[in-house]
Amino acid sequence: MKIQEADAKKLLLAQGLPVPPYEVARSPAEARAAASRLLHGHGSVGQVVIKAQVLVGGRGKAGGVKLAASDDEAEHVADAILGMTIKGIPVRKVLVAPAADIVREYYLAAVLDRAARRILLMGSAEGGVEIEQVAESNPAAIIRVHADPLLGLRDWQAREMAFRLGLGGHLKAAVAIAKGLVKTMLANDADLVEINPLAVVREGPAGGAEERLVCLDAKITLDDSALFRHPDHEALRDPDDEAPADVEARRHDISFIHLDGTIGCMVNGAGLAMTTMDLVKRAGGEPANFLDIGGGAKADRVAAAMRLILAEPKVEAILVNIFGGITRGDEVAHGLIEARSRQVRDVPMVVRIVGTNAEEAARLLEEAHFATAASLDEAAAKAVAAAKAARASGSGASAASEAAR
Ligand code: GDP
Ligand code: MN
């Protein structure tokens, strides 16, 4: 689960990391009030920065990060940003903070290195630039240090990172931040804690200004599988930024992952779902999704799964593969029949149900004129053939449904 910059910064602050103060505003008037406090309040600043809060990178380039020097300008800029859509996501909130006087930008992140089974600290002196870009253009510029799974990130490792980044002049702060990123990751079960830019900024009055190292941007993704250990994090979920299909899938306890192919798959059990996808590929098709309806699915969940699959216009045929254990075949059959009666689009479907109450399921499906298959290979072949037929006949899916039988 991705969380907004403002929320990520809160998690960093909780671990004692240096984050400049900020406020979140949902309207131009709120942004104006926040800017006013910063521009005229105690320890006032000359400019504020206003930043779109959307769960995508590159907000700066898209015009979602702007400076303002007066209340009027802040309101005006916030109005413009709140009216923007960045990479398809409407901006509903902005972050308002004192504008930093940036001397130099760095990149520093803690990520989960699954292959090494360790937390990896990645740094680059080319801050502000997206790391994927650095990895492509100048991979040698990325410094990598693995934290020990038991001992964590050692001081000497953090110092090495700091020196190699050229942050020797800010050694103490850099070490604290490097260790703090790993701490933030562990404390929150995050799989990414990314600061880009980590910036050396000038602070204080002209003349007596001092340099300080601060986290100017923050990106954190939380491990979905560990969310149950952090009930507070549920409040950080941003329903706006999640595809409606994902919200719907979670509501019904369905594991649903979108893929690029044309064969929709409905399966119970993750392993069987993977196998089904393999067999679709072997039969010459491409799966449109991974979908696991889980154990003991009732008719309504089956119907919900069908809606999820059909919501994707690319789907040309559906393969249902159920191995009945706790899940009862007749329940699934009822769900499929109900789903098809409400289906707006006629998509050919091939059903294979074995196990608990399979005979009852077969009878129900036959009465409802469903195409069925006895083996998984046969089911995959039929679904792929039906998809081909649907494509050949344009939108004439009825002919393809016939072909599936
Ligand atoms: P991103 O583009 O979504 O990663 O958003 P960032 O928060 O990283 O901002 C993008 C860029 O805007 C940064 O790399 C900075 O160069 C610039 N920027 C962000 N905050 C400030 C600020 O307070 N002052 C100044 N002068 N520039 C800023
Ligand atoms: Mn950034």
Side-chain angles (χ1 to χ4, degrees), residues 2-13 17-25 31 34-35 37-39 43-70 73-74 77-78 80-82 84-111 122-135 141-142 165 177 181 184 190 192-204 206 209-221 238 241:
K2 290 183 190 169
I3 62 173
Q4 300 283 5
E5 173 190 5
D7 296 322
K9 285 182 165 173
K10 198 158 56 183
L11 299 184
L12 294 177
L13 284 166
L17 284 142
V19 175
Y22 63 88
E23 291 187 36
V24 175
R37 282 187 281 275
L38 293 166
L39 291 166
S44 61
V45 295
Q47 276 188 313
V48 292
V49 62
I50 299 180
K51 306 174 70 177
Q53 295 297 284
V54 282
L55 296 182
V56 290
R59 293 165 300 164
K61 263 193 215 138
V65 178
K66 292 248 161 66
L67 301 179
S70 69
E73 197 183 356
V77 165
I81 293 179
L82 285 164
M84 287 174 67
T85 299
I86 300 180
K87 297 183 186 168
I89 303 178
V91 180
R92 295 178 206 275
K93 288 184 274 187
V94 292
L95 178 147
V96 184
D101 179 3
I102 301 173
V103 179
R104 209 181 151 148
E105 300 186 332
Y106 299 84
Y107 174 98
L108 192 63
V111 302
M122 286 205 295
S124 152
E126 295 184 31
V129 185
E130 285 193 34
I131 198 71
E132 291 82 3
Q133 217 169 304
V134 181
I142 300 176
L165 285 174
I177 292 170
L181 295 192
T184 305
L192 170 75
V193 180
E194 182 188 79
I195 312 302
N196 188 24
L198 170 69
V200 173
V201 300
R202 233 177 262 115
E203 278 183 1
E210 278 179 22
E211 286 191 356
R212 206 160 83 88
L213 194 59
V214 294
C215 306
L216 271 199
D217 188 12
K219 177 175 164 184
I220 292 183
T221 60
D238 197 330
D241 292 296

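Numbering of residues begins at 1 and proceeds along the displayed sequence. In listed order, ligands and their atoms are each counted from 1. The shown structure was predicted, so the numbers you read here are calculated from the model rather than taken from an experiment.
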Using a plain distance cutoff, I'd like to know if [X] has any nitrogen or oxygen under 3.5 Å from a nitrogen or oxygen of ligand 1.
| X | answer |
| --- | --- |
| Ile102 | no |
| Lys61 | no |
| Glu105 | yes |
| Ala100 | yes |

Under a 4.0 angstrom heavy-atom cut-off, which atoms of ligand 1 come close to [X]?
| X | answer |
| --- | --- |
| Arg59 | 1 (P), 2 (O), 3 (O), 5 (O), 6 (P), 7 (O) |
| Lys51 | 6 (P), 7 (O) |
| Ala99 | 23 (O) |

Among all protein heavy atoms in this structure, tell me which lies nearest to [atom], with the distance rounded to 0.1 Å.
| atom | value |
| --- | --- |
| atom 10 (C) of ligand 1 | Gly60 CA, 4.1 Å |
| atom 19 (C) of ligand 1 | Val65 CG1, 3.9 Å |
| atom 20 (N) of ligand 1 | Val49 CG2, 3.9 Å |
| atom 6 (P) of ligand 1 | Asp217 OD2, 3.5 Å |

*With a 4.0 Å heavy-atom cut-off (strictly under), which part of Asn196 contacts ligand 1: side chain, backbone, both or neither?*
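Contact part for Asn196 vs ligand 1: backbone (N, CA, C, O).
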_Please name the atom of Asp217, limited to N, O or S, that comes nearest to the Mn ion (ligand 2)._
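Atom name of the closest N, O or S in Asp217: OD2.
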Taking all non-hydrogen atoms of both residues into account, name the closest pair between [X] and [Y] and its distance.
| X | Y | value |
| --- | --- | --- |
| Arg202 | Ala209 | CG-CB, 3.9 Å |
| Gly128 | Asn196 | N-OD1, 2.7 Å |
| Gln4 | Gln53 | OE1-C, 3.1 Å |
| Ile195 | Leu216 | CG2-N, 4.4 Å |
| Ser70 | Leu39 | C-CD1, 3.6 Å |

*Would you say atom 28 (C) of ligand 1 touches the protein, meaning some protein heavy atom is under 4.0 Å from it?*
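Protein heavy atoms within 4.0 Å of atom 28 (C) of ligand 1 - there is at least one.
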*Is any side-chain heavy atom of Ile220 closer than 4.5 Å to a side-chain heavy atom of Asp7?*
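No, every pair of side-chain atoms sits at 4.5 Å or beyond.
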*Does the side chain of Arg59 reach to within under 4.5 Å of the side chain of Asp217, using non-hydrogen atoms?*
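The answer is yes, as the side chains (C-beta and beyond) meet within the 4.5 Å cut-off.
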_Given 3.5 Å as the limit, does a donor-acceptor pair link the side chain of Gln133 with the main chain of Val129, or not?_
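Checking the backbone N and O of Val129 against the side chain of Gln133, no donor-acceptor pair under 3.5 Å is found.
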*Any donor-acceptor pair under 3.5 Å linking the side chain of Tyr106 with the backbone of Gly123?*
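Not a single qualifying donor-acceptor pair exists.
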